[in-house]
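Numbers here are sequence positions counted from 1.
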Amino acid sequence: TKNISANTSLSISTTFLGAKNGSPNTVPGTRDVLAWRISLLVPNKTGLNFLDPTQKLRVSYRLGEGVYDGISDPDGDLTYVGTDSNTNTVTWELPTPSIAEQAASLANGLPLVQKSFIVYTKPVTRWSKHWFHYDPITNVATLQAINLQGDKLSVSNGTTGKIGQAITGDIKTQGTVLYPYSFGPKNGEGGEEDDAIIALTTVYDTAQLRYRSGIFTGTHETTTDTYNSKGELVKSESGLNAASNFNNWTIPSFLHEGLQKTGVHYEIDPHLIVKSIDLFTPWIRLYKGEERREYPSGSAPAFMISLTVKNRKTGTSRTINKYVTKTGQIPVSYF
């Protein structure tokens, strides 16, 4: 007499995908809905014992934080069973293939069961913060099944997701005639945010970040309605657009000196890789209410670019200076 043993193996995995409908290179924010993928498999192997087709497959997902917010199920064969509020565990059921279907899969070298779907979770108000950092969120997926011998099978797998740390910045302006404005990255896809470097969530190493600076006269935030027939500013304002600044400094400076030069200085984090510099064609507009005007051909200001590069291994630095008359996106290799 020879005894032949047969068994059934299960496999399940879960991965963190990031924010629902979010940028693939940007870590989710404090109020984002999160997406998690669950993949399950009953493999085809020698000595396989079929699953009991009268019993459902059961998939559960224990949430480390947040609440269940639905699924994306391409096959449409998952049935929501419920959520255990004590353990914060969501459960679904899945039909087990018939014996004939399992036999056909076995003959064709295919898994008996194979499925993937996405689970969405959301914060009650916002994801938890511990001091200045957000705690990792760990979810655990479990697959349960019963084979023809009545064996109860179970396998689990967990994964961790992280919420981005908000980054803020402050732009300090100097000068009375001209002032700069800055755009900072709002995501890891090369998008930019107006007016300042404002809150940006953490990004992955694959991100592309975009920073932009511009220089305007002190009249930028005013309109033609604030000037009298002599071209004097009559609206009472403080700061760069004050009447005294405009009448005593801006107009005389442009009439007698013209625009000599402006400078923008960036200190770039050594963890970032600079790929290109985008130079915009300078244009003229004294009043915000006017249309912008281009410089006459051949008279537009050019750019003196100085790149200082430090070797992180040796600590030595070198500076590259280049006078640039072209505009548009210029790769660093150009220098």
Side-chain angles (χ1 to χ4, degrees), residues 4-25 28 33-84 87-122 136-162 204 206:
I4 299 176
S5 62
N7 55 50
T8 310
S9 61
L10 309 178
S11 173
I12 192 168
S13 64
T14 178
T15 55
F16 178 57
L17 301 179
K20 180 181 181 181
N21 301 323
S23 301
N25 295 313
V33 174
L34 305 183
W36 314 76
R37 181 177 297 281
I38 296 178
S39 299
L40 56 97
L41 180 73
V42 180
N44 183 333
K45 68 174 202 173
T46 304
L48 176 68
N49 190 1
F50 285 164
L51 301 170
D52 186 344
T54 67
Q55 302 294 323
K56 301 279 190 180
L57 298 174
R58 177 163 285 215
V59 182
S60 60
Y61 205 42
R62 189 177 76 242
L63 308 182
E65 187 184 342
V67 295
Y68 174 57
D69 195 41
I71 60 173
S72 175
D73 177 20
D75 303 323
D77 54 2
L78 282 173
T79 300
Y80 173 68
V81 175
T83 300
D84 185 337
T87 60
N88 203 17
T89 300
V90 189
T91 301
W92 306 267
E93 285 185 339
L94 177 68
T96 300
S98 67
I99 295 295
E101 290 171 328
Q102 294 181 62
S105 296
L106 180 64
N108 293 317
L110 300 175
L112 301 192
V113 179
Q114 185 173 20
K115 183 174 181 62
S116 179
F117 62 99
I118 297 174
V119 181
Y120 300 112
T121 62
K122 64 181 180 181
I137 302 168
T138 300
N139 295 346
V140 178
T142 299
L143 173 62
Q144 295 174 306
I146 299 177
N147 63 19
L148 288 177
Q149 291 179 322
D151 298 326
K152 294 183 179 180
L153 312 167
S154 180
V155 64
S156 298
N157 177 260
T159 192
T160 298
K162 293 184 178 181
Y204 299 116
T206 53

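Not counting sequence neighbours, the partners of Y68 by the ring-ring contact (aromatic ring centres under 6.0 Å, His included) test are Y80, W92. Checked against side chain to side chain contact (heavy atoms under 4.5 Å, CB included), A145 has the following partners two or more places apart in sequence or in another chain: L10, L51, L57. Applying the side chain to side chain donor-acceptor pair (under 3.5 Å) rule to T159 yields no partners; only residues at least two apart in sequence or on another chain are considered. Take T89 and apply the side chain to side chain donor-acceptor pair (under 3.5 Å) test, not counting sequence neighbours, and it matches T87. Every residue meeting the side chain to side chain contact (heavy atoms under 4.5 Å, CB included) condition with I118, not counting sequence neighbours, appears here in chain and number order: L17, A35, R37, S72, Y120. Looking at residues two or more places apart in sequence or on another chain, you find a side chain to side chain contact (heavy atoms under 4.5 Å, CB included) between I99 and F50, P53, Q102, L148. Residues satisfying the side chain to side chain donor-acceptor pair (under 3.5 Å) test with D75, not counting sequence neighbours, are K115. Among residues two or more places apart in sequence or in another chain, the side chain to side chain contact (heavy atoms under 4.5 Å, CB included) test is passed with S13 by S39, N157. Checked against side chain to side chain donor-acceptor pair (under 3.5 Å), T142 has the following partners two or more places apart in sequence or in another chain: S156.
Between V67 and L63, the closest heavy-atom pair is C-CD1, 3.9 Å. Closest non-hydrogen pair, T96 versus D52, comes out as CG2-O, 3.5 Å. Taking all atoms of both residues into account, the shortest heavy-atom contact from T160 to P136 is CG2-CB, 3.4 Å. Taking all atoms of both residues into account, the shortest heavy-atom contact from P28 to L34 is CB-CD2, 3.5 Å. For L112 against S105, the heavy-atom pair with the smallest separation is CD2-CB, 4.1 Å.
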Verify side-chain contact (heavy atoms from CB on, under 4.5 Å) between D69 and T121, making sure each step is shown before the conclusion. CA-CA 5 Å; D69 195 41; T121 62; 5.7 Å; no

Should I12 and T14 be marked as a side-chain contact (heavy atoms from CB on, under 4.5 Å) after you check the CA-CA gap, both sets of side-chain angles, and the distance that decides it?
CA-CA 7 Å; I12 192 168; T14 178; over 6 Å; no

Q: Just do the side-chain contact (heavy atoms from CB on, under 4.5 Å) check on Y61 and I71 with the steps written out, would you?
A: CA-CA 12 Å; Y61 205 42; I71 60 173; over 6 Å; no

Go through it in stages, so that I can follow the logic: the residues are V155 and L40, the test is side-chain contact (heavy atoms from CB on, under 4.5 Å), and I'd like the CA-CA distance, side-chain angles, deciding distance and then a yes or no. CA-CA 10 Å; V155 64; L40 56 97; over 6 Å; no

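Applying the salt bridge (Lys or Arg N to Asp or Glu O under 4.0 Å) rule to pairs touching residues 88-102 yields R58-E93, sequence neighbours excluded. For residues 93-113, no residue pair satisfies the ring-ring contact (aromatic ring centres under 6.0 Å, His included) rule, not counting sequence neighbours.
Distance alone, capped at 3.5 Å, is enough to place a donor-acceptor pair between the N108 side chain and the A104 backbone. Formation of a donor-acceptor pair under 3.5 Å by the N88 side chain with backbone atoms of G66 is found in this model. Between the D73 side chain and the L78 main chain, a donor and an acceptor come within less than 3.5 Å of each other.
You'll find the side chain of V113 reaches within 4.5 Å of the side chain of L94, heavy atoms only.
Atom-to-atom distance recorded for Q144:CD and Q55:CD is 12.0 Å, nearest 0.5 angstrom.
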